[in-house]
Amino acid sequence: MSPAGCSHVNGYKVDNWKQNLRVIYQCFVWSGTAETRRRKAKSCICHMCGAHLNRLHSCLYCVFFGCFTKKHIHEHAKNKRHNLAIDLLYGGIYCFVCQDYVYDKDMEQIAKEEQRKAWKLQAFETRPSRLYSLESTGIGEKYTTWEPTKRELELLRHNPKRRKITTNCTIGLRGLINLGNTCFMNCIVQALTHTPLLRDFFLSDRHKCEMQSNSCLVCEMSQLFQEFYSGHRSPHIPFRLLHLVWTHARHLAGYEQQDAHEFLIAALDVLHRHCKGDTIHDNGKKANNPNHCNCIIDQIFTGGLQSDVTCQVCHGVSTTIDPFWDISLDLPGSSTPFWPLSPGGDGSTVNGESHLSGSTTLTDCLRRFTRPEHLGSSAKIKCGGCHSYQESTKQLTMKKLPIVACFHLKRFEHSAKLRRKITTYVSFPLELDMTPFMASSKESRMNGQYQQTVDVLNNDNKYSLFAVVNHQGTLESGHYTSFIRQHKDQWFKCDDAIITKASIKDVLDSEGYLLFYHKQFLEYE
Amino acid sequence: MSNEGRMRATVNQKLTEMGERERLKELLRAKLTECGWKDQMKAHCKEVIKDKGLEHVTVEDLVAEITPIGRALVPDSVKKELFHRIKAFLAQHA
């Protein structure tokens, strides 16, 4: 059907038709305010049978609502010779003469505007206290398909080369030259360049640099992404990145082997500090909390760890929530005892991991991390309720999960007595459900609710593995490699400049040092 | 109107008045997109259009052909979730 509508529509476009049409959209199709909604709820029923389903339509020439399915609106059209009706569900205009929906450019324009207006109103209404936030709440921004601007069309014409992404294309994969024990940096770079949200941020050029000098690490990351997605298959030489890292994180400078985990935290920290130009300003909020900015690093990596200290005498709980970028997990075999997991711990298997010949699982480590811990008589806490020093228990749980969760298995022991690497095999799953370790789950358990039926439908805590960093060798001399996931289930091993295809079994059988998980479902806030 | 029809109308009124109907619609839209239902329907529509010919197909043709398929293909989990949401809402506001 052509966008010029049909000739019968032109018969409607007289006098004040635009305003009349707008009113119909506002009142009966997309009601934005409570008042219009009330009116809609009361009056939008078929004038012949009273039903509100059956694809209700409104006559455009008079006040008549009729079912489409039961042909009530058709009868009205025939009797009154009112040839146009509007679908109250989707806002489409139906012409009874042409016997189909017609698309008139002017009417479509009005429809689009009214829909957008109604969405904005609804967003304001559901949470009026967030009036100043740039992100609308409630249902959120209405999704509209992308229409290129003139400038974008120009750019597309000037750059005719197109890259097709198929399921087995290797775009985004590139080796990295080792510049002298820099494998610790290379594997983190591989993990970061394959973090989907980070990749999207940089490939859509969202970084606006506010640094005067040439030493912005975020700009360098942006360059790195360009290199990785350029299609070049030769390994990239990250000398500029290395230099910037040495400049901003002095403790990592030098040619000796460094810890990949330390590098990850240092890199995230520098990126977070250099992201100042990109933060979305929540009026008033930024001034109060310089540590809680909204940069891309915080959006992706920052989670909240809740620490509850319970006084053993008065049972008062003191809660603090600290931000975190990674979770460091103790392993069996270290000098701190691992088993039992909790006083009277439950033996249920979470996340379907099998305890093959008693091997430890990631979930075991997480349960140990979130178990209540007696702080002992030598570490008494000043209790606000008792006003004296008392013994207490401390428990960590996840308050807010980050979009990308990084688990650090503490394989390098640097205690006073010894320095060694713990090579205990820890099995980790491809899919991880963090629900048992959430603060909310702990609260439910404490309130006696053991079965959470609604949580089965809650997908917010489900994660998928997308990168693994491994360390081979000893504390003195070792080598880092990484596995990263491409597309849905293709894995590749990155050993500095050498990229090879890997099987899921290779990945899951590996020792594991840093495990990167990505949320499966992303909700708008 | 039957008793059931009257109850339906009352529930619908309540949902519409409080704006919950719109929210549920958006939730449903998101769920159906996530599970691939929307893409399946799109594919079916393309087939119908191919069958009837682009110049002659009407919205009615499409509606008639894909409504039964669409209804059958909605996953149970989505139905359950919507049902729970409506139940919870009515419990809160009835």
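Letters A, B, ... mirror the listed sequences (proteins, then strands); counts begin at 1. Just so it is clear, the model here is predicted, and its values are computed rather than measured.
Distance alone, capped at 3.5 Å, is enough to place a donor-acceptor pair between the A/Asp100 side chain and the B/Val59 backbone.
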Would you mind writing out the side-chain donor-acceptor pairs for residues 64-71 of chain A within the sub-3.5 Å range, not counting sequence neighbours?
residue: A/Thr69; atom: OG1; partner: A/Asn54; partner atom: O; Å: 3.0

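Counting non-hydrogen atoms of neighbouring residues, nucleotides and ligands closer than 6.0 angstrom, the CD atom of A/Gln99 reaches no more than 12 such neighbours. Shown here is B/Lys79, whose NZ atom has more than 12 heavy atoms of other residues, nucleotides or ligands within 6.0 Å.
A/Arg37 is not listed as a side-chain neighbour of B/Glu17, based on a closest heavy-atom distance of 4.5 Å or more. Residues B/Lys25 and A/Leu89 form a side-chain contact, since some pair of their non-hydrogen atoms from C-beta on lies under 4.5 Å apart. Counting heavy atoms from C-beta outward, A/Leu53 and B/Arg8 have side chains that approach closer than 4.5 Å.
Looking at B/Val57, the atoms closer than 4.5 Å to chain A (heavy atoms on both sides) all sit in the backbone: N, CA, C or O. For chain B, the nearby part of A/Arg55 is the side chain; its heavy atoms alone come within less than 4.5 Å.
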